[in-house]
2 protein chains.
Amino acid sequence: MTTRPDPVRDADAEALAMARALLSGAEHAALAVTDPADGLPGISRIAFGFGPEGMPMTLISSLSAHHGALRANPACALMVGEPGPKGDPLTHPRLMIKARADFVPVDDPDRAALRDHWLTAHPKAKLYVDFGDFGFVRFAPVSILLNGGFGKAFRINPAQI
Amino acid sequence: MTTRPDPVRDADAEALAMARALLSGAEHAALAVTDPADGLPGISRIAFGFGPEGMPMTLISSLSAHHGALRANPACALMVGEPGPKGDPLTHPRLMIKARADFVPVDDPDRAALRDHWLTAHPKAKLYVDFGDFGFVRFAPVSILLNGGFGKAFRINPAQI
């Protein structure tokens, strides 16, 4: 270990507001998983949104590699916050969320409400939401890191969001 | 196991051309690592580009969480291919690359050439490329998957790229 200071600070009000804006504006996310075939990191793009109760969610196909990975090991990490076309993309804020994936069973009594809520925010998903291989997955955040650009890293307690 | 067909096909010429366009157009990537603190997936945004010899690379700070993760375990996954502001982001093509990270030592005789090549493609990096905590990392691709939209998944041999 070194003696250099921790570059990550506890979130202040401004950081929390930025984190909430990144979350609420996200329609997709990058998802990191552990590949059950080799134990190595895997990565995918997923749809991103929220359930009626505010829990982060996705809608994924059981044909996808990340579906199998999350079934085998629900520990994952999400990144939201897309850089625009201008400027250094590393100065654009992004949120990195360690989470656990919780599959919503197809016969879950909440599924109809989840489906309606999801389609309000993701109307294009009506093309496939009722396909047999698609299902909802909730993400329970474990820890959150905000990178607001160089030298602006903040840890956020999931309970604060 | 089920008997359903493998949804991933071997890349054809069109898929290879799409993969090459995604790679050459990428200035940043999402990086999945294994967090050495807990063994769980971690995710970050990194700069992305190529060395003079065409190897995928990044320039990262040793203060970043992913630097420590890659030092502890060089197995990682990269995703490139940013959705535009319109349409369903999941229909936008992206490339998912499993790779091994190889740190370029600060006294590597190739570093000066790498630096000049990098700055040509990433001119804004001149603000920090010579900071003591920044260093180059090469990625040796192990496997590549192209998702060109729903139902268009292709595996690509890294030797084909």
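So you know, we letter chains A, B, ... as the sequences are listed, proteins then strands, and number each from 1.
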Inspect the surroundings of CD in Gln160(B) and state if more than 12 heavy atoms from other residues, nucleotides or ligands are less than 6.0 Å away.
yes
So with a 6.0 Å cut-off around CD of Glu53(B), is the heavy-atom count from everything else above 12?
yes
Are Val137(A) and Leu23(A) joined in one hydrophobic group, where the rule is that I, L, V, M, F, W and Y side chains link up if heavy atoms are under 4.5 Å apart?
yes
Can you list the residues that meet the side chain to side chain donor-acceptor pair (under 3.5 Å) rule with Asp12(B), with sequence neighbours excluded?
none
Max heavy-atom pair count under 4.5 Å with chain A, selected residue of Met79(B), Met96(B), His92(B)
Met79(B)
Check whether Leu31(B) gets within reach of chain A through its side chain, its backbone, both or neither, counting any heavy atom under 4.5 Å.
backbone
Taking 4.5 Å as the heavy-atom cut-off, does anything in residues 34-52 of chain A contact chain B, and if so which residues?
Thr34(A), Asp35(A), Asp38(A), Leu40(A), Pro41(A), Gly42(A), Ile43(A), Ser44(A), Arg45(A), Ile46(A), Ala47(A)
Check for me, please, whether Met57(B) and Phe131(B) land in the same ILVMFWY cluster - side-chain distances under 4.5 Å, paths through other members count.
yes
Tell me whether Leu145(A) is reachable from Leu95(A) by hopping between hydrophobic residues (I, L, V, M, F, W, Y) whose side-chain heavy atoms are closer than 4.5 Å.
no
What residues of residues 68-78 of chain A make heavy-atom contacts with chain B at a cutoff under 4.5 angstrom?
Ala75(A), Cys76(A), Ala77(A), Leu78(A)
Hey, quick one: are Leu146(A) and Val8(A) part of the same hydrophobic cluster, counting side-chain heavy atoms closer than 4.5 Å, chains of contacts allowed?
no
Counting heavy-atom pairs under 4.5 angstrom with chain A, the leader among Val142(B), Thr91(B), Leu90(B) is Leu90(B)
When Ser64(B), Ala125(B), Gly81(B) are compared by non-hydrogen pairs under 4.5 Å with chain A, the top option:
Gly81(B)
Honestly curious: do Leu22(B) and Phe139(B) fall in one hydrophobic cluster under the side-chain, below-4.5 Å linking rule?
yes
Within residues 97-121 of chain A, the residues sitting under 4.5 Å from chain B by heavy atom, in sequence order, are Lys98(A)
Could you tell me which of Pro83(B), Ala30(B), Pro89(B) has the largest number of non-hydrogen atom pairs under 4.5 Å with chain A?
Pro83(B)
